[in-house]
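This is a predicted model, so every value here is computed, not measured.
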Amino acid sequence: MKVLSFDSYEKDFVFIVNKQQFKTSRIIADILSPKINKMHLTHPDINEYIINTKSTGNFTYFLQLINF
């Protein structure tokens, strides 16, 4: 069984959540968000996505879901 190491990808995508930056790879962004994946099909140069919420939380936990 082959294991894909997401840590080996360059962190070339940034989620900006409530003005705080969270760097990850584009492949993780595409996997986590179908909306971002669709945007990359038409605009492959997009490298950030802004999310503003009313409540605070730790977006790092969300990014760690991919490594379950």
Side-chain angles (χ1 to χ4, degrees):
M1 178 168 94
K2 292 185 179 185
V3 177
L4 184 62
S5 174
F6 291 113
D7 291 332
S8 64
Y9 291 91
E10 183 179 347
K11 294 187 186 294
D12 54 357
F13 192 88
V14 179
F15 283 98
I16 302 171
V17 182
N18 297 330
K19 299 181 183 177
Q20 186 176 0
Q21 292 189 3
F22 297 90
K23 294 183 180 184
T24 190
S25 64
R26 177 183 159 148
I27 191 169
I28 291 177
D30 285 350
I31 291 169
L32 290 176
S33 172
K35 185 174 183 177
I36 291 172
N37 182 264
K38 188 175 181 179
M39 288 177 6
H40 276 146
L41 293 174
T42 55
H43 302 289
D45 56 335
I46 292 173
N47 63 357
E48 70 179 32
Y49 190 76
I50 299 171
I51 301 170
N52 292 309
T53 65
K54 293 182 181 180
S55 60
T56 60
N58 192 337
F59 193 72
T60 303
Y61 295 143
F62 183 71
L63 290 177
Q64 290 173 346
L65 287 174
I66 200 71
N67 292 320
F68 38 78

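- Hydrophobic clustering (side-chain heavy atoms under 4.5 Å, transitive across Ile, Leu, Val, Met, Phe, Trp, Tyr) groups L32 together with F22.
- The distance from atom CE of M39 to atom OH of Y49, rounded to the nearest 0.5 Å, is 6.0 Å.
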task: Report the C-alpha separation of I51 and I16 in whole Å, then their side-chain angles, then the decisive distance to 0.1 Å, and conclude whether the side chain to side chain contact (heavy atoms under 4.5 Å, CB included) test is met.
output: CA-CA 6 Å; I51 301 170; I16 302 171; over 6 Å; no
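- Under the 4.5 Å side-chain criterion, counting only non-hydrogen atoms from C-beta, T24 is in contact with F15.
- A distance of 10.5 Å separates CD of E48 from CD1 of I36, quoted to the nearest 0.5 Å.
- In this structure, I50 CD1 and N18 CG are separated by 11.0 Å, a value rounded to the nearest 0.5 Å.
- Applying the salt bridge (Lys or Arg N to Asp or Glu O under 4.0 Å) test to residues at least two apart or on different chains, the pairs with a partner in residues 19-28 are R26-D30.
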